[in-house]
> 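Please find one structure pasted underneath; my questions will follow.
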There are 2 protein chains.
Amino acid sequence: MSRTPPHPTREQIELPLVLDCLSDPIRLAIVYQLAQQEAVSSELCCGDFNGLSGKSNLTYHFAKLRDCGLMRTRVAGTNRFVRLRREDLEARFPGLLDAVLNSAAKDADRPQLVAECDEVKAD
Amino acid sequence: MSRTPPHPTREQIELPLVLDCLSDPIRLAIVYQLAQQEAVSSELCCGDFNGLSGKSNLTYHFAKLRDCGLMRTRVAGTNRFVRLRREDLEARFPGLLDAVLNSAAKDADRPQLVAECDEVKAD
DNA sequence: TCGATTGTTCAATAAACATTGAACATAAGG
DNA sequence: CCTTATGTTCAATGTTTATTGAACAATCGA
């Protein structure tokens, strides 16, 4: 449980994997929270996300985020710190991360729109 | 086989579903091809994508793209025409589609980078 | 009306995915 | 040293996914 896990290089980061990774609500929430925090400190510890799911499930999601190149994990004693790979992502996919984060922010504001209906206009 | 299938309204378009939809290589290729073409004509017929996969599989992917709000299907005789819902996407997720398309374009150029290695530096 | 074309539907299949809990590993601190 | 806190690993589970091929439906044109 002690060595730094492997990370893809910048050039190995692939668009479909990144999009797939961001398409899971829990992972999107992790990335979002990480981004929110960024001004304060660039990293958070895994435990800071315990609200989102169980620990072993979070380990699973962190691994996906790491494997696709969205974040970097740093080991420090019994803790693991994670941070967004902003520069690498910006270099590979300019504007993408911010577009996703802005959209996610807007959605987070929405009063959870429950409309089941289609384009049907009261017919 | 003749009625127009249901589409989500603009407000019903959800970020995670869109990202998930774009994370499949076939669907990304469809969207990309549609975008490339856009200047010439805003729509293509389903058959124009037959190179990407079998017909029934394409039907499946078109349905996903339609259901998540990425494209719109129009029925015309025995043909179906599809087009990107650019305006709706731009309204919901500003900058997102273009960021994805630009990134996809860059990747399409890459000489298919096969490097299996990690950040390992010849150790 | 017949035949060809376009695309859908359905059932089957194999693979990938998210989630869980229990057991484990590592390190820090009394 | 022993205990506690962090987080991982592993196996089990049920779900969703992409892909296939065969059968079907609708329309167009000769």
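Just so it is clear, the model here is predicted, and its values are computed rather than measured. Per chain, numbering begins at 1; letters A, B, ... match sequence-line order.
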> Give the intermediate values and the outcome of salt bridge (Lys or Arg N to Asp or Glu O under 4.0 Å) for residues B/D24 and B/K64.
CA-CA 10 Å; B/D24 180 277; B/K64 295 219 89 171; over 6 Å; no
> Looking at A/R80, does any N or O in its side chain come under 4.0 Å of the phosphate oxygens OP1/OP2 on D/dT8?
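Checking A/R80 against D/dT8: at least one side-chain N or O falls below 4.0 Å of OP1 or OP2.
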> Without decimals, in angstroms, what is the distance between B/E43 CD and C/dT6 C1'?
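To the nearest whole Å, that distance equals 16 Å.
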> Side chains of A/V100 and A/L28: closer than 4.5 Å at any heavy-atom pair?
yes
> Looking only at the side chain of A/R27 (C-beta and beyond, no hydrogens), which of the listed nucleotides D/dT19, C/dA18, D/dA26 gets closest?
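The closest nucleotide is C/dA18.
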> To the nearest 10°, let me know how far the axis at one end of the helix from C/dT1-D/dA30 to C/dG30-D/dC1 is tilted from the axis at the other, five pairs an end.
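Its terminal axes enclose an angle near 20°.
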> Measuring from A/R66:CZ to A/M71:CE, what's the distance to the nearest 0.5 Å?
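If we round to the nearest 0.5 Å, A/R66:CZ and A/M71:CE are 6.5 Å apart.
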> Ignoring hydrogens and geometry, is there a side-chain-to-backbone donor-acceptor pair from A/R10 to A/A91 under 3.5 Å?
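A pair under 3.5 Å: no.
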> Please evaluate residues A/V31 and A/L65 with respect to the criterion side-chain contact (heavy atoms from CB on, under 4.5 Å), reporting the C-alpha separation (whole Å), side-chain torsions for both, the decisive distance (0.1 Å), and the verdict.
CA-CA 9 Å; A/V31 168; A/L65 287 162; 3.7 Å; yes
> In whole Å, I'd like the distance from the CZ atom of B/R74 to the C1' atom of C/dT6.
15 Å
> Is it the case that the side chain of B/R27 and the backbone of B/C21 share a donor-acceptor pair, with hydrogens and angles ignored and the cut-off at 3.5 Å?
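Yes, because the side chain of B/R27 sits within donor-acceptor range (under 3.5 Å) of the backbone of B/C21.
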> Please list, in numerical order, the residues of residues 56-71 of chain A that have a heavy atom closer than 4.0 Å to any atom of DNA chain C.
A/S56, A/N57, A/Y60, A/H61, A/K64
> Scan B/S23, B/S103, B/P25 and name whichever one has a side chain to side chain contact (heavy atoms under 4.5 Å, CB included) with A/L15.
B/S103
> Do B/D48 side-chain atoms and B/C45 backbone N/O form a donor-acceptor pair below 3.5 Å?
yes
> Considering only heavy atoms, which members of residues 44-55 of chain A lie under 4.0 Å from some atom of DNA chain C?
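Here the set is A/S53.
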> Starting at CZ of B/R3 and ending at P of C/dT8, how long is that distance when rounded to a whole Å?
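From B/R3 CZ to C/dT8 P: 15 Å.
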> In terms of hydrophobic clustering (I, L, V, M, F, W, Y; side-chain heavy atoms under 4.5 Å; direct or indirect links), are A/L34 and A/Y32 co-clustered?
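Linked, A/L34 and A/Y32 end up in one cluster.
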> Do side-chain atoms of A/T59 reach the backbone of A/K55 as a donor and acceptor pair under 3.5 angstrom?
yes
> Establish, with yes or no, whether the OP1 or OP2 oxygen of C/dA27 is under 4.0 angstrom from a side-chain nitrogen or oxygen of A/N79.
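No.
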> Can you tell if the side chain of B/L97 reaches within under 4.5 Å of the side chain of B/V18, non-hydrogen atoms only?
no
